[in-house]
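Residue numbers run from 1 in the order of the sequence given. Order of appearance sets the numbers: ligands from 1, and atoms from 1 within every ligand.
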Amino acid sequence: MKLLVTGGAGFIGSAVVRRAVAQGHSVVNVDALTYAACLDNIEVVADAPGYTFEQADIRDAAAMAAILKVHRPDAIMHLAAESHVDRSIDGPAAFIDTNVTGTYVLLEAARAYWTEAGKPTDFRFHHISTDEVFGSLGETGFFTEDSPYQPNSPYSASKASSDHLIRAWHETYGLPIVLTNCSNNYGPFQFPEKLIPVVILKALSGQPIPIYGQGDNIRDWLHVEDHAEALLLVLEKASSGSSYNIGGENEMTNLELVQMLCGILDRLRPARKPYAEQITFVTDRPGHDRRYAIDPTRIVEDLGWHPAYTPETGLEQTVQWYLDNEAWLNALLARDGVGERLGAAK
Ligand code: NAD
């Protein structure tokens with residue numbers, strides 16, 4: 001297939017691009033290169049046959065129309081977004097602009113392109129979203145594809161809005177779409193403002209390792225390569241109009257996760273004292289969702305997807321990757337807001 005991937009210089013988008021190229025797809029990577037982008041993430045495919053990079057903003061209607069006209073993709077995988085909850089608390093406008101308006105602009109460009117091509121039924125607009133649109137769970141239960149939308153942060157509200165636009169463009173205009181909602185991702189190339197790279201960074205530099213609140217918020221973690229595999233499977237096999245929840249069934253409290261990371265670091269890069277002694281509890285994030293957990297039955301039963309990594313193998317591989325790539329990590333430290341406490345204001 002010829003794929004147009006948006007946000008392909010980010011964390012998950014770059015994993016999708018690398019895997020799609022390895023599987024033999026042609027890929028047009030469209031990315032505005034915001035603070036969260038890193039071209040090193042896709043260096044390995046830069047000279048691959050069938051790979052093209054276009055620096056463009058999804059909010060730019062003329063640019064999106066021109067890119068679609070030139071490259072004529074069979075499918076769009078839409079990952080470009082503002083993605084950090086803490087930044088959405090301090091500055092929600094960028095999240096509305098890119099995640100809502102940007103998705104609208106891209107949808108309209110896609111609709112015009114698809115209409116002009118004679119409305120092929122095998123075209124796909126694949127929107128990549130998050131389980132955070134479903135809000136927060138109590139002690140029990142799981143998010144399914146039919147869970148009600150109850151977003152609690154500006155980030156999750158903007159992603160929920162974009163999910164609704166995708167659905168409406170399918171129902172109203174017949175645009176062939178698929179929607180996926182995934183749990184927290186981890187793995188190589190994650191920008192050092194998200195929990196796991198922050199923990200590794202702070203641990204190695206001897207600084208306090210911050211944990212929000214009591215560390216008892218629960219997340220369901222999935223390795224980014226397992227997510228990328230699931231996304232390509234959904235794109236190839238799922239019927240138009242369908243949605244899939246993707247999750248690793250790996251629930252952990254934030255404290256358990258951080259302690260596990262410290263234990264791995266103790267083994268791989270021993271220091272004078274156990275890294276867990278650097279753990280420090282800090283003021284909680286306002287509106288912090290208590291628990292996320294995904295029921296992945298539909299993607300497992302319909303498409304035969306199974307994650308390849310366990311938390312043990314995935315976290316060890318991830319920590320080792322950061323230890324082997326400290327230059328990549330250190331190069332991003334000068335970027336705006338990195339290393340600062342963001343999103344604490346009520
Ligand atoms: P990221 O912040 O690492 O990367 C986002 C990429 O989008 C960057 O390369 C950035 O330059 C690009 N981008 C931002 N605004 C743009 C614009 N206006 N035009 C073009 N490009 C733009 O994000 P990520 O963690 O890789 O997440 C990718 C997608 O997956 C997002 O849509 C996110 O909501 C979703 N998602 C993320 C997670 C997670 O755990 N990280 C989980 C589920 C879903």
Side-chain angles (χ1 to χ4, degrees), residues 4-18 28-42 53-61 63-64 67 76-88 93-106 109 126-134 143 151 153-163 166 179-197 219-228 230-231 234 244-248 250 289 292 294 318 332 335-338:
L4 188 156
V5 178
T6 71
F11 167 49
I12 302 172
S14 66
V16 169
V17 167
R18 294 191 302 269
V28 185
N29 181 359
V30 177
D31 199 298
L33 299 183
T34 70
Y35 82 94
C38 186
L39 286 172
D40 290 345
N41 300 7
I42 36 174
F53 180 74
E54 294 272 8
Q55 183 173 357
D57 194 309
I58 57 163
R59 294 168 297 176
D60 182 341
M64 292 305 110
I67 288 170
I76 296 173
M77 300 181 79
H78 177 35
L79 295 101
E82 291 291 337
S83 71
H84 190 39
V85 175
D86 287 341
R87 286 184 191 260
S88 83
F95 288 72
I96 306 303
D97 274 358
T98 284
N99 300 358
V100 185
T101 307
T103 299
Y104 157 73
V105 169
L106 187 64
H126 182 174
H127 182 57
I128 285 78
S129 192
T130 166
D131 62 351
E132 299 185 34
V133 299
F134 302 125
F143 296 133
S153 72
Y155 164 66
S156 55
S158 69
K159 291 298 290 186
S161 306
S162 61
D163 289 12
I166 303 304
L179 167 67
T180 50
N181 296 83
C182 188
S183 58
N184 279 39
N185 281 215
Y186 70 93
F189 298 108
Q190 188 165 31
F191 194 76
E193 62 185 355
K194 304 281 169 68
L195 181 60
I196 289 177
R219 299 291 180 261
D220 173 12
W221 291 93
L222 183 69
H223 194 283
V224 67
E225 292 296 338
D226 284 325
H227 187 194
L231 294 177
V234 166
Y244 286 91
N245 281 359
I246 307 170
N250 296 317
D289 288 331
Y292 304 138
I294 287 255
T318 300
L332 299 176
R335 299 233 179 141
D336 182 34
V338 175

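Below 4.0 Å from some heavy atom of A81 lie the following atoms of ligand 1, by number and element: 5 (C), 7 (O), 14 (C), 31 (C), 32 (O). Each of the atoms 9 (O), 11 (O) of ligand 1 lies under 4.0 Å from some heavy atom of A37. Taking every non-hydrogen atom of A36 and a distance limit under 4.0 Å, the qualifying atoms of ligand 1 come out as 2 (O). Proximity to L33 (heavy-atom distance under 4.0 Å) selects the following atoms of ligand 1: 11 (O). Taking every heavy atom of K159 and a limit of under 4.0 angstrom, the matching atoms of ligand 1 come to 31 (C), 32 (O), 33 (C), 34 (O). Near I128, with a cut-off below 4.0 Å to any heavy atom, the atoms of ligand 1 are 30 (O), 32 (O). Near Y155, the atoms of ligand 1 lying under 4.0 angstrom from a non-hydrogen atom of the residue are 33 (C), 34 (O).
You'll find the side chain of E54 stays beyond 4.5 Å of the side chain of L4, heavy atoms only. Between L33 and F53 there is a side-chain heavy-atom pair separated by less than 4.5 Å. You'll find the side chain of Y35 reaches within 4.5 Å of the side chain of E82, heavy atoms only. Residues H78 and S129 fail the side-chain proximity criterion, which asks for heavy atoms closer than 4.5 Å. At least one side-chain heavy atom of F191 sits under 4.5 Å from a side-chain heavy atom of V338. Inter-residue side-chain proximity for R87 and D336 is flagged as met; some heavy-atom pair is nearer than 4.5 Å.
Checking only distances, D31 does come within under 3.5 Å of ligand 1, N or O to N or O. Ligand 1 has a nitrogen or oxygen under 3.5 angstrom from a nitrogen or oxygen of A32. For a threshold of 3.5 Å applied to N or O pairs, the pair formed by I58 and ligand 1 contains at least one separation below that value. Considering backbone and side-chain N/O atoms, T130 never comes within less than 3.5 Å of an N/O atom of ligand 1. Between H78 and ligand 1, a contact under 3.5 Å exists for no N or O pair. In terms of polar-atom proximity, D57 is counted as a contact of ligand 1, with an N or O under 3.5 Å from an N or O of the ligand.
Atom 23 (O) of ligand 1 has its closest protein heavy atom at S83 OG, 3.3 Å. Looking from atom 25 (O) of ligand 1 to the surrounding protein, the closest heavy atom is F11 CD2, 3.8 Å. Protein heavy atom closest to atom 10 (C) of ligand 1, with residue, atom name and distance, is T34 OG1, 3.3 Å. Looking only at protein heavy atoms, the nearest one to atom 29 (C) of ligand 1 is L79 O, 3.2 Å. At the shortest separation from atom 40 (O) of ligand 1 among protein heavy atoms lies N185 N, 2.9 Å. Nearest to atom 39 (C) of ligand 1 among the protein's heavy atoms is I12 CD1, 3.8 Å. From the protein, the heavy atom lying nearest to atom 4 (O) of ligand 1 is G10 CA, 3.4 Å. The protein atom (non-hydrogen) at minimum distance from atom 22 (C) of ligand 1 is A80 CB, 3.7 Å.
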What's the verdict on side chain to side chain contact (heavy atoms under 4.5 Å, CB included) for Y292 and N184, showing C-alpha distance, side-chain angles and the deciding distance? CA-CA 9 Å; Y292 304 138; N184 279 39; 4.0 Å; yes

Go through the steps to decide whether K159 and F95 satisfy the test side chain to side chain contact (heavy atoms under 4.5 Å, CB included), and finish with yes or no. CA-CA 9 Å; K159 291 298 290 186; F95 288 72; over 6 Å; no

Give the C-alpha distance, both sets of side-chain angles, the deciding distance and a yes or no for side-chain hydrogen bond (donor to acceptor under 3.5 Å, both in side chains) between H127 and T103. CA-CA 9 Å; H127 182 57; T103 299; 5.0 Å; no

Between T318 and H223, is a side chain to side chain contact (heavy atoms under 4.5 Å, CB included) present by the stated rule, with each step listed? CA-CA 9 Å; T318 300; H223 194 283; 3.9 Å; yes

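Nearest to atom 44 (C) of ligand 1 by heavy-atom distance, out of A15, A94, S129, is S129.
If you check the side chains of R219 and Y186, you find no donor sitting under 3.5 Å from an acceptor.
Test D131, T180, L179, I294 against N245 for side chain to side chain contact (heavy atoms under 4.5 Å, CB included) and you get one pass: I294. For the side chain to side chain contact (heavy atoms under 4.5 Å, CB included) test with V5, the passing option among I76, V28, L79, V30 is L79; the others fail. Paired with S158 under the rule side chain to side chain donor-acceptor pair (under 3.5 Å), one option of D97, N99, T98 passes, and it is N99.
Here Y186 has no heavy atoms under 4.0 Å from ligand 1, in either its backbone or its side chain. Only the backbone of S183 comes within contact range of ligand 1, with a heavy atom under 4.0 Å; no side-chain atom does. The proximity of T6 to ligand 1, defined as any non-hydrogen pair under 4.0 Å, does not occur for either the backbone or the side chain. Here A56 has backbone heavy atoms under 4.0 Å from ligand 1, and that is the only part of it that gets that close.
Distances shorter than 4.0 angstrom occur between a heavy atom of N184 and an atom of ligand 1. Taking 4.0 Å as the cut-off, A9 counts as a neighbour of ligand 1 on heavy-atom distance.
A salt bridge does not link R335 with E193: every distance from a Lys NZ or Arg NE/NH1/NH2 to an Asp or Glu carboxylate oxygen is 4.0 Å or more.
When the shell of 6.0 Å around OH of Y104 is examined, it contains 12 or fewer heavy atoms from other residues, nucleotides or ligands.
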